Novice: 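Please find one structure pasted underneath; my questions will follow.
For ligands, and for the atoms within them, numbers begin at 1 and follow the listed sequence. Quantities reported herein were computed from a predicted structural model and do not represent experimental measurements.
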Amino acid sequence: MSIANNLQEIKNTLPEQVTLVAVSKTKPVANLMEAYDAGQRIFGENKIQEMAEKWEEMPKDIQWHMIGHVQTNKVKYMAPFVSLVHGVESLKLLSEINKQALKNERSIDCLLQMHIAEEETKFGLDEKELLELINSDSFKDLKNIRIVGLMGMATFTDNQNQIRKEFNELHSIFEKLKNDTIVGSDIEILSMGMSGDYKLAIDCGSNMVRIGSSIFGGR
Ligand SMILES: *Cc1c(COP(=O)(O)O)cnc(C)c1O
């Protein structure tokens, strides 16, 4: 199967309200261009350096999403062009994104990453930490970032019930957040679901899926 065929097959299964992020980490520009030529305009990368190199080489109508863990000292390299940062989980990182956005005279959209999996190794906030963050005084001063939703990763398991439970939990936090007086009016994106679990994620209310290996092949 070609990349274009894989993309088409996945798109055929996605409801209209679901946005597809083609996760192209580790893949060469030639592979990304195949997806681009088939109409894909949103790409997800997990390393800032790699994303910046691809951004320089590729057409400028691409929206670049940073889906990996972000190191504070690298934010400056993506600030001129990044379209959405999925993995934000601290005020410190948010402050740095705000600072670099200001330098570039723009605003940067971010998702807060929530910890829903059982594995301790996965990153993210719990609900209490989420509320502390958005209610903190320093958060109010960040005028060049916008929290537009939440992102999460389920436990790596074959147990569909467990994955469903975790996705449902994230969806319910997302729905509550929409009513929040501080960020609520901007909340629109729920980023959950990868190659192995995106159908389940959509069933549970996801409106943005991050799919890599089913499009570009294994890594
Ligand atoms: C790699 C990655 C994906 C895509 O994973 P696939 O299983 O290849 O679809 C999605 N989200 C994040 C955060 C990733 O790091």
Novice: More than 12 heavy atoms of other residues, nucleotides or ligands under 6.0 Å from NZ of K92: is that the case?
Specialist: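 Not buried by this count: 12 neighbours or fewer within 6.0 Å.
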Novice: Is any NZ, NE, NH1 or NH2 atom of the basic residue among K178 and E188 found under 4.0 Å from an Asp or Glu carboxylate oxygen of the other?
Specialist: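 No, this pair does not count.
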Novice: Before accepting this row, confirm whether a basic side-chain N of the pair K165/E169 lies closer than 4.0 Å to the acidic partner's carboxylate O.
Specialist: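 A salt bridge is absent here (no side-chain N lies under 4.0 Å from a carboxylate O).
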Novice: Assign the ring pair H69 / F123 to parallel, tilted or perpendicular, where the plane angle (0 to 90°) is split at 30° and 60°.
Specialist: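 Ring orientation of H69 relative to F123: parallel.
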Novice: Would you check ligand 1 and list the protein residues that come within less than 4.0 Å of it by any heavy atom, ordered by chain and number?
Specialist: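 Shell around ligand 1 (4.0 Å, heavy atoms): V23, K25, I67, M151, M153, M194, S195, R210, I211, G212, S213, R219.
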Novice: Between H86 and H65, what is the ring plane arrangement, given parallel below 30°, perpendicular above 60°, and tilted in between?
Specialist: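 It falls in the tilted class, 30° to 60°.
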Novice: Do you know the tightest heavy-atom contact between I215 and I3?
Specialist: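 Nearest heavy atoms, I215 then I3: O-CG1, 3.7 Å.
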